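Here is the structure we will look at, set down as structure tokens.
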Amino acid sequence: MAVHPYSPAGLDLPGYVPQRLSQLEIVGPYLGTSLFVLLAVWLLSGRCSRLSKVDRLLMCWWAFTGLTHLVVEGSFVFTPDFFSKENPSYFDESMKEYSKGDSRYVARDTATVTVEAITVLLEGPGSLLAFYAIASRKSYSHILQFTVCLGQLYGCIVYFATAYLDGFNFWASPFYFWAYFVGANSSWVVIPLLIARRSWKKICAAIHQTEKVKTK
């Protein structure tokens, strides 16, 4: 059995196949594709004069996070043998790389798989629906954004809390802890908090305005 690079060292991974792509070969295409999606959405949304710059930025986020949930995290959820495949895909290799920051992925930890499955099935489609709702100026836009943000924040709380409760020893080195475990997940804490706060204010303002009209 091949020796794996994950922590703890005694982690049992039957049939493990060593990673073939380098970190640069994995992170580079991911960052490049992400930037392409963000730039494409920003430019295309600029053709609609009704959308503010904030709306366009939100569309960029919802497109990026929705595709990340469905494509990247979806590949993890629906490929339980990614670490032992003889002919791995790019996504199999990317999960091997990310697992250096959190070995619960390569170990198929049940809590982690469950959180990711919920994210893929609910928050992925919800994010793309939020993208559509903003572009189409739907009345449910802020309620939907607030709801999806709560789901993302809840997932992050469970993700970090279970890591702490299970021993907090799932990264191969401090670099992977800060780059992957903390850095790669921080956007799904900070940005949903900001969006939820904004949507909450918009919802409250709309309700307040409705109540004012009713009392006249």
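Worth knowing before you read on, the calculation uses all heavy atoms, side chains too, and leaves out hydrogens, waters and symmetry mates. FYI, the numbering just counts along the sequence from 1. Quick caveat, the model's predicted, so the values are computed rather than measured.
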Could you tell me if the side chain of [Y] sits less than 4.5 Å from the side chain of [X], heavy atoms only?
{"X": "L144", "Y": "K138", "value": "no"}
{"X": "Q152", "Y": "S127", "value": "yes"}
{"X": "L128", "Y": "W62", "value": "no"}
{"X": "V72", "Y": "Y98", "value": "no"}

List the atom pairs, donor and acceptor, that lie under 3.5 Å between side-chain atoms in residues 168-180 and the rest of the protein, sequence neighbours left out.
| from | atom 1 | to | atom 2 | distance (Å) |
| --- | --- | --- | --- | --- |
| S173 | OG | F175 | N | 3.4 |
| Y180 | OH | Q23 | NE2 | 2.9 |
| Y180 | OH | E97 | OE2 | 2.5 |

Are [X] and [Y] in one and the same hydrophobic cluster, where Ile, Leu, Val, Met, Phe, Trp and Tyr link if side-chain heavy atoms are under 4.5 Å apart?
{"X": "F78", "Y": "V71", "answer": "yes"}
{"X": "F76", "Y": "V158", "answer": "no"}
{"X": "V27", "Y": "Y90", "answer": "yes"}
{"X": "V148", "Y": "L193", "answer": "yes"}
{"X": "L129", "Y": "L57", "answer": "no"}

*asked:* Rounded to the nearest 0.5 Å, what separates atom OG1 in T112 from atom CZ in R104?
replied: 4.0 Å

*Hey, could you give me the CG/CG distance between N185 and D102, rounded to the nearest 0.5 Å?*
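The CG atom of D102 is 8.0 Å from CG of N185, to the nearest 0.5 Å.
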
*Kindly say whether S136 contributes a backbone atom to a donor-acceptor pair with the side chain of R50 at under 3.5 angstrom?*
no

Table please: side-chain donor-acceptor pairs of residues 28-45 below 3.5 Å, with sequence neighbours left out.
| from | atom 1 | to | atom 2 | distance (Å) |
| --- | --- | --- | --- | --- |
| T33 | OG1 | P29 | O | 2.8 |
| S34 | OG | Y30 | O | 2.8 |
| S45 | OG | V41 | O | 2.8 |
| S45 | OG | W42 | O | 3.0 |
| S45 | OG | R56 | NE | 3.1 |

_Contacts of D166 that satisfy side-chain hydrogen bond (donor to acceptor under 3.5 Å, both in side chains) - sequence neighbours left out_ = none

*In chain order, what residues pass the side-chain hydrogen bond (donor to acceptor under 3.5 Å, both in side chains) check against T79, with sequence neighbours excluded?*
none

_Tell me whether the count of non-hydrogen atoms from other residues, nucleotides or ligands lying under 6.0 Å of CZ in R108 goes above 12._
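Yes - once you tally the heavy atoms of other residues, nucleotides and ligands closer than 6.0 Å, there are more than 12.
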
_Listed partners of E73 passing salt bridge (charged side-chain N to carboxylate O under 4.0 Å, His left out), at least two apart_ =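 E73 satisfies salt bridge (charged side-chain N to carboxylate O under 4.0 Å, His left out) with no residue once adjacent residues are dropped.
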
*Under the salt bridge (charged side-chain N to carboxylate O under 4.0 Å, His left out) test, which residues partner D92, sequence neighbours left out?*
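For D92, the residues satisfying salt bridge (charged side-chain N to carboxylate O under 4.0 Å, His left out) (neighbours in sequence not counted) are K85.
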
Nearest atoms (heavy-atom pairs only) where [X] meets [Y]:
{"X": "P14", "Y": "S84", "result": "O-CB, 4.2 Å"}
{"X": "L21", "Y": "Q19", "result": "O-NE2, 2.8 Å"}
{"X": "L58", "Y": "I134", "result": "CB-CD1, 3.7 Å"}

_For F160, ring pair (Phe, Tyr, Trp, His ring centres under 6.0 Å) partners two or more places apart_ =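 Partners of F160 by the ring pair (Phe, Tyr, Trp, His ring centres under 6.0 Å) criterion, ordered by chain and then number, come out as F181.
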
*Which other residues end up in the same hydrophobic cluster as L24, if Ile, Leu, Val, Met, Phe, Trp and Tyr are linked when side-chain heavy atoms come under 4.5 Å apart?*
none

*Return each pair, listed once, that meets side chain to side chain donor-acceptor pair (under 3.5 Å) where at least one residue sits in residues 186-195; pairs must be two or more places apart or across chains.*
T65-W188

*asked:* Please enumerate all residues that pass side chain to side chain contact (heavy atoms under 4.5 Å, CB included) together with Y6, with sequence neighbours excluded.
replied: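 Per chain and number, Y6 pairs via side chain to side chain contact (heavy atoms under 4.5 Å, CB included) with H4, L11, L13, Y16, K96, S99, K100, S103, V106.
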
Identify every side-chain donor-acceptor pair in residues 113-125 under 3.5 Å, counting partners at least two apart or on other chains, and give the distances.
| from | atom 1 | to | atom 2 | distance (Å) |
| --- | --- | --- | --- | --- |
| T114 | OG1 | T110 | O | 2.7 |
| E116 | OE2 | Y105 | OH | 2.5 |
| T119 | OG1 | V115 | O | 2.9 |

*Report yes or no: do S89 and E93 form a side-chain donor-acceptor pair below 3.5 Å?*
no

*asked:* Applying ring-ring contact (aromatic ring centres under 6.0 Å, His included) as the test, list every pair that has at least one member in residues 119-154; sequence neighbours left out.
replied: F146-W200

